[in-house]
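Input: a single structure, listed below in structure tokens.
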Amino acid sequence: MTPPPGAAAPENRSDAAFPVARSCPFAPPDDYADMREQQPLTRADIPGAKKAWLVTRHADVRAALAHPAASSDARHPAFPALGDGEQAVAAELRPFIRMDPPEHTRIRRMLVGEFTVRRVRELRPVIEEICEEQVRHLLSRQRPADLVGDYANRVSTTVICRLLGIPTEDLEFFRRVTAVSGSRSSTAEEVSAALAGLFGLLDKLIDAKAADPRDDLISRLVTGPLARGEISRRSLLSQIGITLNAGHETTRNMIPLAALDLLRHPDQVALLRSEPHRWPDAVEELLRHLSVADVIPLRVATDDIELDGATIPAGDGFIALLAAANHDPRAFDRPDVLDITRPERHHVAFGYGPHQCVGQNLGRLELEVALRVLFDRVPSLRPAVPLEELAARSASAVFGLEEVPVEW
């Protein structure tokens, strides 16, 4: 950390090791509070014998992510990737979330129209139908059933595949691919092999959509930007792949965690049952409280980035910790409390700045419908094992749980 003019240099001490695990799946890692209070820009050792700055305060996270010198380009040597295969694959395939403007802006515009509030609102009946179908599947299973495998994973994959226009007979294949490509424990070779299979199938799908376009996202990209020469076929495959993966992973992990978080707070469930119009408020609060995409914003400073009392030097990588920001007491009153009546709505669960999640409207609606259907149809839902026995997906780019056995 570069000290401000006139300020003393920070105490010389060993850099923190990162990432750090959560001690509780419903709260950020314990170290975040100490970093935020004692050294809000923390120098850290990350995998691959690299260094990166950790940004922890809410105002600093927003300022850093919105700064024009914050680069998302994975080809930069200082890009703070946390998985062995993450940087190599991103640098080669160039998904739009790992690009900078104007290239990022150009491709983002091709997708953003599919995720507007109006467009997503039109999808509500489809999402409700999918959630009803999958809750029937859950209830058909022998108890205890797995809330992840028997409900959340099926809902998230089906919704994003329906949006993209991917045939339902391919759903299990896509579930396997996203499990490998979304894990930071996967090697570069494993991710490349999984994506090669994915791209092979998508390549055939592009030909099919070109010959017989339907009312879906892939058809519109194929008959629009691809047909007009505004995007290469290889780049289109990458953008479809990242849309599929991001759309699946976030809700796959949020649905079971959010359900358990509510079950831990029966007063909040009672409030939702008596005042169901509060479900959108509950979703906002659960997104803030759980912050499953905590370590997604990986950046490199292409120029000095001045924050509150410190500087990220040009050429250094940094990670904006979303969970640390969303639990900053400077921004949220009693931040560790789950309160669906909370008035503050400025959480950064979907990131911030030009790379803020393009699919956030879909994510909000999908989570609301999935939870609402689950709690309406299974009012006696309860965990089948003590919560401390649940295994976390600590190696995943998006935090979640491996399995959640449930009874009813």
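Because only heavy atoms are used, hydrogens play no part in the values below, and waters and symmetry mates are left out as well, while side chains stay in.
- Here Arg288 does not pair with Glu344 in a salt bridge; the nearest charged N to carboxylate O distance is not below 4.0 Å.
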Q. Yes or no on side chain to side chain contact (heavy atoms under 4.5 Å, CB included) for Leu93 and Phe199, after CA distance, side-chain angles and deciding distance?
A. CA-CA 11 Å; Leu93 298 180; Phe199 286 6; 3.8 Å; yes
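- Counting non-hydrogen atoms of neighbouring residues, nucleotides and ligands closer than 6.0 angstrom, the CZ atom of Arg228 exceeds 12 such neighbours.
- Distance alone, capped at 3.5 Å, places no donor-acceptor pair between the Arg62 side chain and the Tyr352 backbone.
- Smallest separation of non-hydrogen atoms from Ala27 and Arg22: O-CD, 3.2 Å.
- Thr251 places no side-chain N or O within 3.5 Å of a backbone atom of Ser156 that could act as its donor or acceptor partner.
- The shortest non-hydrogen separation linking Phe399 to Pro25 is CE2-O, 3.6 Å.
- Annotation: side chain of Tyr151 is not in contact with side chain of Val404 (no heavy-atom distance under 4.5 Å).
- In this structure, the side chains of Thr157 and Phe173 stay at 4.5 Å or more apart for every pair of heavy atoms.
- The backbone N or O of Glu230 lies less than 3.5 Å from a partner atom in the side chain of Arg106, making a donor-acceptor pair.
- Minimum heavy-atom separation, Gln87 to Ala74: NE2-O, 3.0 Å.
- Checked by atom type and distance alone, the side chain of Glu275 never pairs as donor or acceptor with a backbone atom of Leu271 at under 3.5 Å.
- A cation-pi contact, defined as under 6.0 Å to the ring centre and within 45° of the axis, is absent between Arg342 and Phe332.
- Counting only heavy atoms from C-beta outward, the side chains of Val61 and Leu322 approach each other to under 4.5 Å.
- Using a cutoff of 4.0 Å between basic side-chain nitrogens and carboxylate oxygens, Arg234 and Glu92 are scored as salt-bridged.
- A salt bridge links Arg393 with Glu249; the closest basic N to acidic carboxylate O contact falls under 4.0 Å.
- Considering CG of Leu221 and CG of Leu111, their distance stands at 6.0 Å, rounded to 0.5 Å.
- If you take CD on Gln268 and CG on Leu338, they are separated by 5.0 Å, rounding to the nearest 0.5 Å.
- Taking a cutoff of 4.0 Å between a charged side-chain nitrogen and a carboxylate oxygen, Arg154 and Glu133 do not qualify as a salt bridge.
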Q: For Arg252 and Glu366, run salt bridge (Lys or Arg N to Asp or Glu O under 4.0 Å): C-alpha distance rounded to whole Å, both residues' side-chain angles, the deciding distance at 0.1 Å, then the answer.
A: CA-CA 10 Å; Arg252 179 265 183 216; Glu366 194 175 341; over 6 Å; no
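- Residues Phe350 and Thr250 have side chains not in contact (no heavy-atom distance under 4.5 Å, counting atoms from C-beta outward).
- Note on residues 397-408: no pairs pass side chain to side chain donor-acceptor pair (under 3.5 Å), not counting sequence neighbours.
- Using a 4.0 Å cut-off between charged nitrogen and carboxylate oxygen, Asp45 and Lys51 count as a salt-bridge pair.
- The closest side-chain heavy-atom distance from Trp279 to Leu272 is below 4.5 Å.
- In this structure, the side chain of Glu284 does not engage the main chain of Arg345 through any donor-acceptor pair within 3.5 Å.
- In this structure the side chain of Ser232 never reaches within 4.5 angstrom of the side chain of Leu237, judged on heavy atoms.
- The CG atom of Asp30 lies 10.5 Å from the CE atom of Met35; values are rounded to the nearest 0.5 Å.
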Q: Output, in order, the C-alpha distance, side-chain angles, deciding distance and verdict of side chain to side chain contact (heavy atoms under 4.5 Å, CB included) for Asp281 and Thr341.
A: CA-CA 7 Å; Asp281 300 330; Thr341 67; over 6 Å; no
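- Proximity of a side-chain donor or acceptor of Thr42 to a complementary backbone N or O of Gln39 within less than 3.5 Å is detected.
- Of all heavy-atom pairs between Pro80 and Ala52, the closest is CB-CB, 3.9 Å.
- Between Ala258 and Leu371, the closest heavy-atom pair is CB-CD1, 3.8 Å.
- When atom types are taken as modelled, the side chain of Asp304 and the backbone of Ala314 share a donor-acceptor pair closer than 3.5 angstrom.
- Rounding to the nearest 0.5 Å gives a distance of 6.0 Å between CZ of Arg377 and CG of Leu139.
- Ring to ring, His58 and His327 are not that close: their centroids are 6.0 angstrom or more apart.
- Electrostatic pairing of Arg119 and Glu122 counts as a salt bridge here, judged by a charged N lying under 4.0 Å from a carboxylate O.
- Distance check: Leu362 CG to Ile160 CD1 gives 6.0 Å after rounding to the nearest 0.5 Å.
- Panel note: side chain Lys209, backbone Leu217; no donor-acceptor pair is recorded below 3.5 Å.
- Taking 4.0 Å as the cut-off between side-chain N and carboxylate O, Arg278 and Glu285 do not count as a salt-bridged pair.
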Q.
With side chain to side chain contact (heavy atoms under 4.5 Å, CB included) as the criterion, how do Leu41 and Asp60 come out once you've worked through the C-alpha distance, each side chain's angles and the decisive distance to 0.1 Å?
A. CA-CA 9 Å; Leu41 265 181; Asp60 284 348; 5.6 Å; no
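- Using a 4.5 Å heavy-atom threshold, the side chains of Arg299 and Ser72 count as touching.
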Q. Are Val373 and Glu132 close enough, and set up right, to give a side chain to side chain contact (heavy atoms under 4.5 Å, CB included), and what steps lead you there?
A. CA-CA 7 Å; Val373 168; Glu132 291 285 351; 4.0 Å; yes
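- Looking at Arg364 and Glu368, no side-chain N of the basic residue comes within less than 4.0 Å of a carboxylate O on the acidic one, giving no salt bridge.
- Using the six-membered ring where Trp is involved, His265 and His289 have ring planes that are perpendicular, over 60° apart on the 30 and 60° scheme.
- Expressed to the nearest 0.5 Å, how far CG of Leu202 lies from OG of Ser238 amounts to 10.0 Å.
- Shown here are the salt bridge (charged side-chain N to carboxylate O under 4.0 Å, His left out) partners of Asp339, two or more places apart in sequence or in another chain: there are none.
- For Arg220 and Asp215, the salt-bridge test passes: some basic side-chain N is under 4.0 Å from an acidic carboxylate O.
- Under the side-chain hydrogen bond (donor to acceptor under 3.5 Å, both in side chains) test applied with Ser71, the options Thr302, Asp100, Asp303 reduce to a single match, Asp100.
- Nearest heavy-atom pair, Ala384 versus Pro144, reported as atom, atom and distance to 0.1 Å: CB-CB, 3.6 Å.
- Under a 3.5 Å cut-off, the side chain of Glu306 and the backbone N or O of Thr311 do not form any donor-acceptor pair.
- Between the Arg233 side chain and the Asp203 main chain, a donor and an acceptor come within less than 3.5 Å of each other.
- A salt bridge is defined here as a Lys NZ or Arg NE, NH1 or NH2 lying under 4.0 Å from an Asp or Glu carboxylate O, and Asp316 with Arg43 meets this definition.
- Between Thr243 and Phe115, some side-chain heavy-atom pair lies under the 4.5 Å cut-off.
- We find that Arg214 and Asp216 are not joined by a salt bridge, their nearest charged nitrogen and carboxylate oxygen being 4.0 Å or further apart.
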